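From a predicted model like this one, the values you see are computed outputs, not experimental measurements.
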Amino acid sequence: KDLNKFFYIGKICYISIMKKAYIKALRVVRSCNNSAHIMGAYNFIYNFRIRFGKWTGCEELTKKLMEKCAIQRKIVENKYD
């Protein structure tokens, strides 16, 4: 019984860490001002997917991050055209 409680608490902590990482990824994407920043944001998203890929909801969050990064990339590209 104690072992099940430990795994349950561990899962909650892991989900909390994933939520914090997602929020940080959003901040990284929003802060992009040039193409080098965009590449760094894509790398951050890739690492997010690798780290949390096995957890429920990660695929959807990763897709949202990629969409937001694509939008930010277009904004940055149009800014310098």
Which distance, rounded to the nearest 0.5 Å, do you find between the [atom1] of [X] and the [atom2] of [Y]?
X: Met18; Y: Thr56; atom1: CE; atom2: OG1; value: 8.0 Å
X: Lys54; Y: Arg49; atom1: NZ; atom2: CZ; value: 14.5 Å
X: Leu61; Y: Phe48; atom1: CG; atom2: CZ; value: 5.0 Å
X: Lys68; Y: Cys32; atom1: NZ; atom2: SG; value: 13.0 Å

Connected via hydrophobic side-chain network under 4.5 Å: Val28 and Met66: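 They do not share one cluster, since no chain of ILVMFWY contacts under 4.5 Å joins Val28 to Met66.
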Partner set under side chain to side chain contact (heavy atoms under 4.5 Å, CB included) for Lys64, not counting sequence neighbours: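 Only Tyr22, Glu60 meet the side chain to side chain contact (heavy atoms under 4.5 Å, CB included) criterion with Lys64.
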Whether over 12 other heavy atoms sit under 6.0 Å from Glu59 CD: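 Atom CD in Glu59 is not crowded, with 12 or fewer foreign heavy atoms closer than 6.0 Å.
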N/O donor-acceptor pairs under 3.5 Å from side chains in residues 37-46, not counting sequence neighbours:
residue : atom : partner : partner atom : Å
His37   : ND1  : Asn33   : N            : 3.0
Asn43   : ND2  : Met39   : O            : 3.4

Sequence neighbours excluded - salt bridge (Lys or Arg N to Asp or Glu O under 4.0 Å) pairs with any residue from residues 22-35: none
Test side-chain contact (heavy atoms from CB on, under 4.5 Å) applied to Lys74 and Ile71, step by step: CA-CA 5 Å; Lys74 288 178 184 177; Ile71 290 168; 5.8 Å; no
